[in-house]
Protein chains: 2
Amino acid sequence: MSETVDAPAERSESHPRSSARQRIVEAATELFSTRGYAATTTRDIADRVGIKQPSLYSHFAVKADILIEVELQTFRPTVERFEALHADKALTAGDRLGQLVEFDVRMLCTGSWNVALLGYLPEVRREGLAAGMAAHSHELFLVYRTLVGEALTENGRTETDLGTLTEVVFSLVEGIILRRVHDPHLDADRLAPAVRDAVLAVVR
Amino acid sequence: MSETVDAPAERSESHPRSSARQRIVEAATELFSTRGYAATTTRDIADRVGIKQPSLYSHFAVKADILIEVELQTFRPTVERFEALHADKALTAGDRLGQLVEFDVRMLCTGSWNVALLGYLPEVRREGLAAGMAAHSHELFLVYRTLVGEALTENGRTETDLGTLTEVVFSLVEGIILRRVHDPHLDADRLAPAVRDAVLAVVR
DNA sequence: GTCTATACCGCGATAGAC
DNA sequence: GTCTATCGCGGTATAGAC
(Lines give C-alpha, C1' and ligand atoms only; values in the text may rest on other atoms or scores of the structure.)
Protein backbone atom coordinates (compact mmCIF):
# COMPACT_ATOMS: atom_id res chain seq x y z
CA MET A 1 0.00 0.00 0.00
CA SER A 2 2.56 2.61 1.11
CA GLU A 3 5.57 2.64 -1.18
CA THR A 4 8.75 4.63 -0.66
CA VAL A 5 9.63 6.94 -3.54
CA ASP A 6 13.30 7.82 -3.45
CA ALA A 7 13.62 9.74 -6.73
CA PRO A 8 14.68 13.43 -6.41
CA ALA A 9 11.64 15.00 -8.08
CA GLU A 10 11.85 14.82 -11.87
CA ARG A 11 11.45 11.14 -12.48
CA SER A 12 8.12 10.48 -14.13
CA GLU A 13 9.19 12.17 -17.40
CA SER A 14 10.59 8.88 -18.75
CA HIS A 15 14.35 9.07 -19.02
CA PRO A 16 15.84 7.63 -22.19
CA ARG A 17 17.73 5.27 -19.85
CA SER A 18 14.61 4.16 -17.98
CA SER A 19 14.63 0.83 -16.27
CA ALA A 20 12.90 -2.03 -18.01
CA ARG A 21 10.20 -1.93 -15.36
CA GLN A 22 9.50 1.71 -16.12
CA ARG A 23 9.35 1.14 -19.86
CA ILE A 24 6.85 -1.65 -19.25
CA VAL A 25 4.64 0.70 -17.25
CA GLU A 26 4.77 3.34 -19.97
CA ALA A 27 3.96 0.92 -22.76
CA ALA A 28 1.11 -0.52 -20.71
CA THR A 29 -0.26 2.95 -20.02
CA GLU A 30 -0.65 3.58 -23.72
CA LEU A 31 -1.99 0.14 -24.58
CA PHE A 32 -4.45 -0.13 -21.70
CA SER A 33 -5.76 3.34 -22.52
CA THR A 34 -6.22 2.77 -26.23
CA ARG A 35 -7.27 -0.90 -26.33
CA GLY A 36 -8.66 -1.50 -22.87
CA TYR A 37 -7.24 -3.77 -20.18
CA ALA A 38 -8.82 -7.07 -21.19
CA ALA A 39 -8.06 -6.54 -24.88
CA THR A 40 -4.39 -5.75 -24.26
CA THR A 41 -2.24 -8.88 -24.18
CA THR A 42 1.01 -9.29 -22.31
CA ARG A 43 2.62 -9.94 -25.69
CA ASP A 44 1.45 -6.53 -26.90
CA ILE A 45 3.20 -4.92 -23.96
CA ALA A 46 6.38 -6.96 -24.31
CA ASP A 47 6.59 -6.24 -28.05
CA ARG A 48 6.27 -2.52 -27.43
CA VAL A 49 9.09 -2.66 -24.87
CA GLY A 50 11.25 -4.87 -27.05
CA ILE A 51 11.45 -7.90 -24.81
CA LYS A 52 9.83 -11.33 -24.90
CA GLN A 53 6.49 -11.90 -23.22
CA PRO A 54 7.71 -14.12 -20.36
CA SER A 55 10.33 -11.51 -19.39
CA LEU A 56 7.53 -9.33 -18.06
CA TYR A 57 7.23 -11.74 -15.17
CA SER A 58 10.67 -10.79 -13.89
CA HIS A 59 9.13 -7.43 -12.99
CA PHE A 60 5.48 -8.14 -12.24
CA ALA A 61 3.94 -11.25 -10.74
CA VAL A 62 0.68 -11.00 -12.70
CA LYS A 63 -0.78 -8.80 -15.43
CA ALA A 64 -3.01 -6.97 -12.98
CA ASP A 65 0.02 -5.67 -11.08
CA ILE A 66 1.08 -3.73 -14.17
CA LEU A 67 -2.27 -1.95 -14.18
CA ILE A 68 -1.93 -1.13 -10.48
CA GLU A 69 1.44 0.50 -11.14
CA VAL A 70 -0.02 2.45 -14.09
CA GLU A 71 -2.70 3.82 -11.78
CA LEU A 72 -0.18 4.79 -9.10
CA GLN A 73 2.10 6.68 -11.45
CA THR A 74 -0.78 8.40 -13.24
CA PHE A 75 -2.81 9.69 -10.34
CA ARG A 76 -0.24 10.34 -7.62
CA PRO A 77 0.96 13.72 -8.98
CA THR A 78 -2.51 15.05 -9.73
CA VAL A 79 -3.75 14.35 -6.22
CA GLU A 80 -0.86 16.32 -4.76
CA ARG A 81 -1.64 19.23 -7.04
CA PHE A 82 -5.30 19.18 -6.09
CA GLU A 83 -4.44 19.42 -2.43
CA ALA A 84 -2.29 22.49 -3.02
CA LEU A 85 -4.96 24.28 -5.03
CA HIS A 86 -7.60 23.41 -2.49
CA ALA A 87 -5.59 24.83 0.38
CA ASP A 88 -4.67 28.23 -1.09
CA LYS A 89 -6.77 30.47 1.13
CA ALA A 90 -5.53 33.70 -0.48
CA LEU A 91 -8.18 33.34 -3.19
CA THR A 92 -11.96 33.47 -3.11
CA ALA A 93 -13.80 30.16 -3.25
CA GLY A 94 -14.96 30.97 -6.77
CA ASP A 95 -11.40 31.55 -7.92
CA ARG A 96 -10.16 28.37 -6.32
CA LEU A 97 -13.02 26.39 -7.85
CA GLY A 98 -12.27 27.94 -11.22
CA GLN A 99 -8.58 27.15 -10.99
CA LEU A 100 -9.28 23.60 -9.93
CA VAL A 101 -11.63 23.08 -12.86
CA GLU A 102 -9.16 24.55 -15.32
CA PHE A 103 -6.35 22.40 -13.97
CA ASP A 104 -8.52 19.30 -14.00
CA VAL A 105 -9.70 19.83 -17.56
CA ARG A 106 -6.14 20.44 -18.71
CA MET A 107 -5.01 17.20 -17.11
CA LEU A 108 -7.83 15.32 -18.84
CA CYS A 109 -7.12 16.95 -22.20
CA THR A 110 -3.35 16.95 -22.39
CA GLY A 111 -2.04 13.72 -20.94
CA SER A 112 -0.39 11.57 -23.59
CA TRP A 113 -3.35 9.22 -23.56
CA ASN A 114 -6.87 9.20 -22.19
CA VAL A 115 -5.79 7.36 -19.06
CA ALA A 116 -8.68 8.61 -16.96
CA LEU A 117 -11.04 6.40 -18.95
CA LEU A 118 -9.25 3.36 -17.50
CA GLY A 119 -11.02 3.71 -14.16
CA TYR A 120 -14.38 3.42 -15.91
CA LEU A 121 -13.73 0.26 -17.91
CA PRO A 122 -16.09 -2.50 -16.77
CA GLU A 123 -13.44 -5.22 -16.72
CA VAL A 124 -11.18 -3.03 -14.56
CA ARG A 125 -13.91 -2.32 -12.06
CA ARG A 126 -15.21 -5.88 -11.98
CA GLU A 127 -11.81 -7.31 -11.13
CA GLY A 128 -11.45 -4.78 -8.32
CA LEU A 129 -8.52 -3.08 -10.00
CA ALA A 130 -9.98 0.41 -9.94
CA ALA A 131 -9.63 0.85 -6.19
CA GLY A 132 -6.86 3.40 -6.49
CA MET A 133 -8.69 5.41 -9.11
CA ALA A 134 -11.95 5.24 -7.21
CA ALA A 135 -10.25 6.55 -4.11
CA HIS A 136 -8.70 9.37 -6.11
CA SER A 137 -12.05 10.19 -7.66
CA HIS A 138 -13.83 10.19 -4.32
CA GLU A 139 -11.21 12.44 -2.75
CA LEU A 140 -11.53 14.81 -5.67
CA PHE A 141 -15.31 14.80 -5.32
CA LEU A 142 -14.99 15.89 -1.69
CA VAL A 143 -12.70 18.75 -2.69
CA TYR A 144 -15.21 19.84 -5.30
CA ARG A 145 -18.06 19.65 -2.84
CA THR A 146 -16.25 21.86 -0.37
CA LEU A 147 -15.42 24.45 -3.01
CA VAL A 148 -18.88 24.39 -4.55
CA GLY A 149 -20.38 24.90 -1.11
CA GLU A 150 -18.11 27.82 -0.34
CA ALA A 151 -18.77 29.38 -3.73
CA LEU A 152 -22.53 29.07 -3.21
CA THR A 153 -22.47 30.89 0.12
CA GLU A 154 -20.11 33.44 -1.44
CA ASN A 155 -22.80 34.08 -4.04
CA GLY A 156 -25.57 34.23 -1.47
CA ARG A 157 -27.22 30.98 -2.50
CA THR A 158 -28.25 28.82 0.41
CA GLU A 159 -31.28 27.05 -1.02
CA THR A 160 -29.48 24.66 -3.31
CA ASP A 161 -28.93 20.92 -2.81
CA LEU A 162 -25.14 20.83 -2.44
CA GLY A 163 -24.75 17.16 -3.23
CA THR A 164 -26.72 17.32 -6.43
CA LEU A 165 -25.02 20.47 -7.64
CA THR A 166 -21.62 18.94 -6.96
CA GLU A 167 -22.63 15.94 -8.99
CA VAL A 168 -23.56 18.24 -11.84
CA VAL A 169 -20.23 20.09 -11.64
CA PHE A 170 -18.33 16.82 -11.45
CA SER A 171 -20.28 15.47 -14.39
CA LEU A 172 -19.38 18.55 -16.38
CA VAL A 173 -15.67 18.08 -15.78
CA GLU A 174 -15.53 14.31 -16.13
CA GLY A 175 -17.56 14.50 -19.30
CA ILE A 176 -14.38 15.73 -20.93
CA ILE A 177 -13.08 12.17 -20.69
CA LEU A 178 -15.85 11.03 -23.01
CA ARG A 179 -15.39 14.00 -25.35
CA ARG A 180 -11.78 12.94 -25.72
CA VAL A 181 -12.85 9.50 -26.83
CA HIS A 182 -14.56 11.13 -29.78
CA ASP A 183 -11.67 13.51 -30.41
CA PRO A 184 -8.30 12.47 -28.95
CA HIS A 185 -6.75 15.87 -29.66
CA LEU A 186 -8.89 18.21 -27.61
CA ASP A 187 -7.70 21.82 -27.43
CA ALA A 188 -7.08 22.39 -23.73
CA ASP A 189 -6.56 26.14 -24.14
CA ARG A 190 -9.99 26.42 -25.65
CA LEU A 191 -11.90 23.96 -23.44
CA ALA A 192 -10.42 24.61 -20.00
CA PRO A 193 -11.62 28.24 -19.75
CA ALA A 194 -14.96 27.31 -21.30
CA VAL A 195 -15.62 24.58 -18.74
CA ARG A 196 -14.41 26.87 -15.94
CA ASP A 197 -16.86 29.57 -17.02
CA ALA A 198 -19.63 27.02 -17.26
CA VAL A 199 -19.00 25.76 -13.73
CA LEU A 200 -18.93 29.31 -12.38
CA ALA A 201 -22.19 30.05 -14.19
CA VAL A 202 -23.76 27.00 -12.58
CA VAL A 203 -22.86 28.00 -9.02
CA ARG A 204 -23.80 31.67 -9.58
CA MET B 1 -28.02 -2.71 -42.87
CA SER B 2 -31.68 -1.90 -43.34
CA GLU B 3 -33.87 -4.32 -41.47
CA THR B 4 -37.63 -4.53 -41.61
CA VAL B 5 -39.37 -4.26 -38.25
CA ASP B 6 -42.83 -5.74 -38.44
CA ALA B 7 -43.84 -5.54 -34.78
CA PRO B 8 -46.89 -3.38 -34.00
CA ALA B 9 -45.35 -0.87 -31.60
CA GLU B 10 -44.81 -2.34 -28.15
CA ARG B 11 -42.13 -4.94 -28.78
CA SER B 12 -38.94 -3.85 -27.06
CA GLU B 13 -40.43 -4.42 -23.59
CA SER B 14 -39.35 -8.07 -23.59
CA HIS B 15 -42.38 -10.31 -23.67
CA PRO B 16 -42.26 -13.36 -21.44
CA ARG B 17 -42.65 -15.35 -24.66
CA SER B 18 -39.81 -13.58 -26.45
CA SER B 19 -38.02 -15.36 -29.23
CA ALA B 20 -34.68 -16.94 -28.46
CA ARG B 21 -32.99 -14.28 -30.56
CA GLN B 22 -34.56 -11.54 -28.48
CA ARG B 23 -33.58 -13.15 -25.21
CA ILE B 24 -30.01 -13.40 -26.47
CA VAL B 25 -30.00 -9.67 -27.23
CA GLU B 26 -31.35 -8.82 -23.80
CA ALA B 27 -28.85 -11.02 -21.96
CA ALA B 28 -26.05 -9.58 -24.05
CA THR B 29 -27.18 -6.03 -23.31
CA GLU B 30 -26.77 -6.62 -19.61
CA LEU B 31 -23.50 -8.53 -19.86
CA PHE B 32 -21.80 -6.22 -22.34
CA SER B 33 -22.80 -3.23 -20.20
CA THR B 34 -21.60 -4.63 -16.91
CA ARG B 35 -18.52 -6.64 -17.98
CA GLY B 36 -17.51 -5.02 -21.25
CA TYR B 37 -17.61 -6.57 -24.70
CA ALA B 38 -14.21 -8.28 -24.73
CA ALA B 39 -14.65 -9.65 -21.22
CA THR B 40 -18.07 -11.15 -21.97
CA THR B 41 -17.86 -14.65 -23.41
CA THR B 42 -20.39 -16.26 -25.66
CA ARG B 43 -20.78 -18.91 -22.97
CA ASP B 44 -21.77 -16.20 -20.48
CA ILE B 45 -24.54 -15.10 -22.83
CA ALA B 46 -25.74 -18.61 -23.57
CA ASP B 47 -25.82 -19.55 -19.88
CA ARG B 48 -27.94 -16.50 -19.11
CA VAL B 49 -30.39 -17.44 -21.87
CA GLY B 50 -30.45 -21.09 -20.87
CA ILE B 51 -29.05 -22.59 -24.04
CA LYS B 52 -25.69 -24.05 -25.00
CA GLN B 53 -22.98 -21.83 -26.41
CA PRO B 54 -22.98 -23.16 -29.98
CA SER B 55 -26.74 -22.56 -30.22
CA LEU B 56 -26.04 -18.84 -30.36
CA TYR B 57 -24.73 -19.36 -33.86
CA SER B 58 -28.16 -20.37 -35.11
CA HIS B 59 -29.14 -16.72 -34.59
CA PHE B 60 -25.95 -14.73 -35.11
CA ALA B 61 -23.03 -15.47 -37.41
CA VAL B 62 -20.38 -13.97 -35.14
CA LYS B 63 -20.22 -12.46 -31.65
CA ALA B 64 -19.92 -8.95 -33.02
CA ASP B 65 -23.33 -9.21 -34.68
CA ILE B 66 -24.92 -9.56 -31.25
CA LEU B 67 -23.39 -6.26 -30.22
CA ILE B 68 -24.65 -4.59 -33.39
CA GLU B 69 -28.18 -5.73 -32.61
CA VAL B 70 -27.85 -4.48 -29.02
CA GLU B 71 -26.91 -1.07 -30.39
CA LEU B 72 -29.81 -1.00 -32.82
CA GLN B 73 -32.44 -1.87 -30.25
CA THR B 74 -31.01 0.51 -27.66
CA PHE B 75 -30.61 3.68 -29.68
CA ARG B 76 -33.35 3.48 -32.29
CA PRO B 77 -36.18 4.69 -30.01
CA THR B 78 -34.18 7.50 -28.47
CA VAL B 79 -33.23 8.96 -31.84
CA GLU B 80 -36.87 9.10 -32.86
CA ARG B 81 -37.77 10.87 -29.65
CA PHE B 82 -34.99 13.41 -30.13
CA GLU B 83 -36.26 14.29 -33.56
CA ALA B 84 -39.74 14.96 -32.21
CA LEU B 85 -38.51 17.19 -29.39
CA HIS B 86 -36.24 19.07 -31.73
CA ALA B 87 -39.01 19.83 -34.17
CA ASP B 88 -41.63 21.18 -31.73
CA LYS B 89 -41.62 24.81 -32.78
CA ALA B 90 -44.38 25.77 -30.35
CA LEU B 91 -41.78 26.22 -27.61
CA THR B 92 -38.92 28.64 -27.16
CA ALA B 93 -35.44 27.37 -27.95
CA GLY B 94 -34.58 27.45 -24.27
CA ASP B 95 -37.57 25.29 -23.41
CA ARG B 96 -36.79 22.82 -26.17
CA LEU B 97 -33.15 22.63 -25.06
CA GLY B 98 -34.27 22.12 -21.48
CA GLN B 99 -36.69 19.38 -22.42
CA LEU B 100 -34.10 17.63 -24.56
CA VAL B 101 -31.57 17.70 -21.71
CA GLU B 102 -34.10 16.39 -19.22
CA PHE B 103 -35.16 13.60 -21.56
CA ASP B 104 -31.55 12.72 -22.34
CA VAL B 105 -30.50 12.60 -18.68
CA ARG B 106 -33.52 10.46 -17.84
CA MET B 107 -32.59 8.01 -20.57
CA LEU B 108 -29.04 7.82 -19.28
CA CYS B 109 -30.16 7.37 -15.67
CA THR B 110 -33.07 4.99 -15.96
CA GLY B 111 -32.27 2.37 -18.55
CA SER B 112 -31.91 -1.08 -17.01
CA TRP B 113 -28.15 -0.92 -17.53
CA ASN B 114 -25.59 1.70 -18.37
CA VAL B 115 -25.69 0.82 -22.06
CA ALA B 116 -24.48 4.21 -23.23
CA LEU B 117 -21.03 3.39 -21.85
CA LEU B 118 -20.75 0.65 -24.46
CA GLY B 119 -19.99 3.12 -27.24
CA TYR B 120 -16.98 4.39 -25.32
CA LEU B 121 -15.30 1.06 -24.63
CA PRO B 122 -11.91 0.93 -26.35
CA GLU B 123 -12.34 -2.60 -27.68
CA VAL B 124 -15.70 -1.68 -29.20
CA ARG B 125 -14.31 1.36 -30.94
CA ARG B 126 -11.13 -0.35 -32.11
CA GLU B 127 -13.03 -3.13 -33.80
CA GLY B 128 -15.22 -0.60 -35.59
CA LEU B 129 -18.33 -1.79 -33.76
CA ALA B 130 -19.32 1.62 -32.44
CA ALA B 131 -20.35 3.01 -35.80
CA GLY B 132 -24.04 3.00 -34.99
CA MET B 133 -23.53 4.65 -31.64
CA ALA B 134 -21.08 7.18 -33.05
CA ALA B 135 -23.61 8.15 -35.71
CA HIS B 136 -26.31 8.50 -33.06
CA SER B 137 -23.99 10.60 -30.92
CA HIS B 138 -23.03 12.84 -33.82
CA GLU B 139 -26.63 13.38 -34.82
CA LEU B 140 -27.49 14.25 -31.25
CA PHE B 141 -24.58 16.67 -31.12
CA LEU B 142 -25.93 18.51 -34.15
CA VAL B 143 -29.36 18.81 -32.54
CA TYR B 144 -27.75 20.20 -29.41
CA ARG B 145 -25.71 22.68 -31.43
CA THR B 146 -28.79 23.99 -33.18
CA LEU B 147 -30.71 24.40 -29.94
CA VAL B 148 -27.76 25.94 -28.09
CA GLY B 149 -27.31 28.41 -30.95
CA GLU B 150 -30.99 29.37 -30.93
CA ALA B 151 -31.01 29.70 -27.15
CA LEU B 152 -27.96 31.96 -27.27
CA THR B 153 -29.52 34.40 -29.75
CA GLU B 154 -32.74 34.22 -27.74
CA ASN B 155 -30.73 35.40 -24.74
CA GLY B 156 -28.97 38.10 -26.73
CA ARG B 157 -25.55 36.44 -26.71
CA THR B 158 -23.79 36.54 -30.04
CA GLU B 159 -20.18 36.67 -28.94
CA THR B 160 -19.82 33.07 -27.85
CA ASP B 161 -18.02 30.24 -29.68
CA LEU B 162 -20.96 27.99 -30.51
CA GLY B 163 -18.89 24.86 -31.11
CA THR B 164 -17.07 25.09 -27.81
CA LEU B 165 -20.19 25.86 -25.82
CA THR B 166 -21.98 22.93 -27.40
CA GLU B 167 -19.10 20.70 -26.42
CA VAL B 168 -19.43 21.93 -22.86
CA VAL B 169 -23.17 21.27 -22.82
CA PHE B 170 -22.68 17.86 -24.36
CA SER B 171 -19.96 17.08 -21.85
CA LEU B 172 -22.31 18.02 -19.04
CA VAL B 173 -24.99 15.63 -20.22
CA GLU B 174 -22.74 12.73 -21.21
CA GLY B 175 -20.87 13.05 -17.94
CA ILE B 176 -23.91 11.40 -16.39
CA ILE B 177 -22.76 8.15 -17.99
CA LEU B 178 -19.62 8.24 -15.89
CA ARG B 179 -21.51 9.27 -12.75
CA ARG B 180 -23.63 6.18 -13.21
CA VAL B 181 -20.54 4.01 -13.23
CA HIS B 182 -19.83 5.19 -9.70
CA ASP B 183 -23.47 4.90 -8.67
CA PRO B 184 -25.65 2.58 -10.78
CA HIS B 185 -28.85 3.82 -9.14
CA LEU B 186 -28.90 7.50 -9.99
CA ASP B 187 -32.05 9.39 -9.06
CA ALA B 188 -33.37 10.67 -12.38
CA ASP B 189 -36.02 12.86 -10.77
CA ARG B 190 -33.31 14.67 -8.85
CA LEU B 191 -30.61 14.85 -11.53
CA ALA B 192 -32.58 15.60 -14.68
CA PRO B 193 -33.91 18.99 -13.52
CA ALA B 194 -30.54 19.85 -11.98
CA VAL B 195 -28.68 19.19 -15.21
CA ARG B 196 -31.35 21.04 -17.19
CA ASP B 197 -30.98 24.09 -14.95
CA ALA B 198 -27.21 23.89 -15.27
CA VAL B 199 -27.38 23.83 -19.07
CA LEU B 200 -29.78 26.76 -19.12
CA ALA B 201 -27.46 28.67 -16.76
CA VAL B 202 -24.56 28.03 -19.13
CA VAL B 203 -26.32 29.40 -22.20
CA ARG B 204 -27.80 32.41 -20.32
C1' DG C 1 17.08 -10.63 -15.99
C1' DT C 2 16.29 -12.44 -20.34
C1' DC C 3 15.76 -16.12 -23.15
C1' DT C 4 13.31 -20.69 -25.38
C1' DA C 5 10.04 -24.01 -24.73
C1' DT C 6 5.89 -25.21 -23.12
C1' DA C 7 1.99 -26.15 -19.95
C1' DC C 8 -2.64 -25.15 -19.31
C1' DC C 9 -6.79 -23.14 -20.13
C1' DG C 10 -10.68 -20.86 -22.17
C1' DC C 11 -12.00 -18.47 -26.15
C1' DG C 12 -14.91 -18.20 -30.74
C1' DA C 13 -16.55 -20.97 -34.09
C1' DT C 14 -17.64 -25.44 -36.89
C1' DA C 15 -19.40 -30.31 -37.89
C1' DG C 16 -22.90 -33.23 -37.86
C1' DA C 17 -26.55 -36.09 -35.33
C1' DC C 18 -31.20 -35.47 -33.84
C1' DG D 1 -32.99 -24.90 -33.82
C1' DT D 2 -30.62 -27.20 -30.31
C1' DC D 3 -27.60 -30.48 -28.97
C1' DT D 4 -22.62 -32.99 -28.20
C1' DA D 5 -18.13 -33.10 -29.56
C1' DT D 6 -14.30 -30.85 -31.03
C1' DC D 7 -11.08 -27.90 -33.55
C1' DG D 8 -7.64 -24.21 -33.72
C1' DC D 9 -6.05 -20.35 -31.73
C1' DG D 10 -4.19 -17.29 -28.56
C1' DG D 11 -4.28 -16.00 -23.75
C1' DT D 12 -1.51 -15.99 -18.99
C1' DA D 13 1.87 -17.94 -16.58
C1' DT D 14 5.82 -21.35 -15.37
C1' DA D 15 10.28 -24.13 -15.92
C1' DG D 16 14.78 -24.09 -16.52
C1' DA D 17 19.07 -23.01 -19.39
C1' DC D 18 22.18 -19.18 -19.98
Side-chain angles (χ1 to χ4, degrees), chain A residues 14-71 118 121-130, chain B residues 3 6 14-71 118 121-130:
Chain A
S14 152
H15 279 118
R17 311 195 330 101
S18 314
S19 66
R21 180 185 168 96
Q22 187 56 25
R23 283 182 293 134
I24 291 169
V25 172
E26 286 161 14
T29 303
E30 173 181 359
L31 291 168
F32 289 159
S33 300
T34 56
R35 308 186 181 185
Y37 174 72
T40 298
T41 74
T42 51
R43 278 184 184 84
D44 291 334
I45 301 171
D47 287 350
R48 190 68 58 113
V49 175
I51 60 179
K52 298 299 179 183
Q53 179 260 348
S55 300
L56 291 178
Y57 293 87
S58 300
H59 303 277
F60 297 93
V62 292
K63 181 188 177 187
D65 286 350
I66 305 178
L67 179 63
I68 302 290
E69 185 60 27
V70 167
E71 289 182 30
L118 260 181
L121 299 186
E123 75 266 29
V124 172
R125 300 187 69 87
R126 253 179 73 84
E127 297 187 31
L129 301 175
Chain B
E3 191 178 339
D6 48 0
S14 152
H15 278 118
R17 313 197 328 106
S18 315
S19 66
R21 181 185 167 97
Q22 187 56 25
R23 283 183 293 133
I24 290 168
V25 172
E26 286 161 13
T29 302
E30 173 180 359
L31 291 168
F32 289 158
S33 300
T34 54
R35 307 185 183 187
Y37 174 72
T40 298
T41 76
T42 53
R43 279 181 182 81
D44 291 334
I45 300 171
D47 287 350
R48 190 68 57 114
V49 175
I51 61 179
K52 298 298 178 183
Q53 178 260 348
S55 300
L56 291 177
Y57 294 86
S58 299
H59 304 278
F60 298 93
V62 292
K63 181 188 175 186
D65 286 349
I66 305 178
L67 179 62
I68 302 290
E69 185 60 27
V70 168
E71 289 181 30
L118 260 182
L121 299 186
E123 74 267 27
V124 172
R125 299 187 70 87
R126 256 179 72 85
E127 296 187 32
L129 301 175

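Each chain gets a letter, A, B and so on, in the order the sequences are listed, and its residues count up from 1.
We find that CZ of A:Arg21 is positioned 12 Å from P of C:dT2, with the value rounded to whole Å. Summarising the geometry, the separation between CZ on B:Arg43 and C1' on C:dG10 is reported as 7 Å, rounded to the nearest angstrom. C:dG12 atom C1' lies 12 Å from atom CZ of B:Phe32, rounded to whole Å. Rounded to an integer number of Å, the gap from NZ of B:Lys52 to P of C:dT14 is 20 Å. Remark: C1' of D:dT4 and CD1 of B:Ile51 are 15 Å apart, rounded to the nearest angstrom. Between the C1' atom of D:dG11 and the CD1 atom of A:Ile66 lies a distance of 14 Å, rounded to the nearest Å. Rounded to a whole Å, the OH atom of A:Tyr57 is 13 Å from the C1' atom of C:dC8. Put simply, CD on B:Gln53 is 9 Å from P on C:dC11, counting in whole angstrom units.
Atom CD1 of B:Ile66 and atom CZ of B:Phe32 lie 5.5 Å apart (nearest 0.5 Å).
The side chain of A:Lys63 lies closest to D:dT12 when the candidates are C:dG12, D:dT12, C:dT2. In this structure, the nucleotide among D:dC3, D:dG1, C:dT2 sitting nearest to the side chain of B:Pro54 is D:dC3.
The nearest pair of heavy atoms linking B:Thr42 to B:Leu56 is O-CD1, 3.3 Å. Of all heavy-atom pairs spanning A:Thr40 and A:Arg35, the tightest one is OG1-CB, 3.6 Å.
A:Ser58 comes within 4.0 angstrom of a base, heavy atoms only.
Checking the phosphate oxygens (OP1, OP2) of C:dC3, a side-chain nitrogen or oxygen of A:Ser55 falls inside 4.0 Å.
In terms of modelled atom types and a separation under 3.5 Å, the side chain of B:Glu123 and the main chain of A:Ala39 share no donor-acceptor contact.
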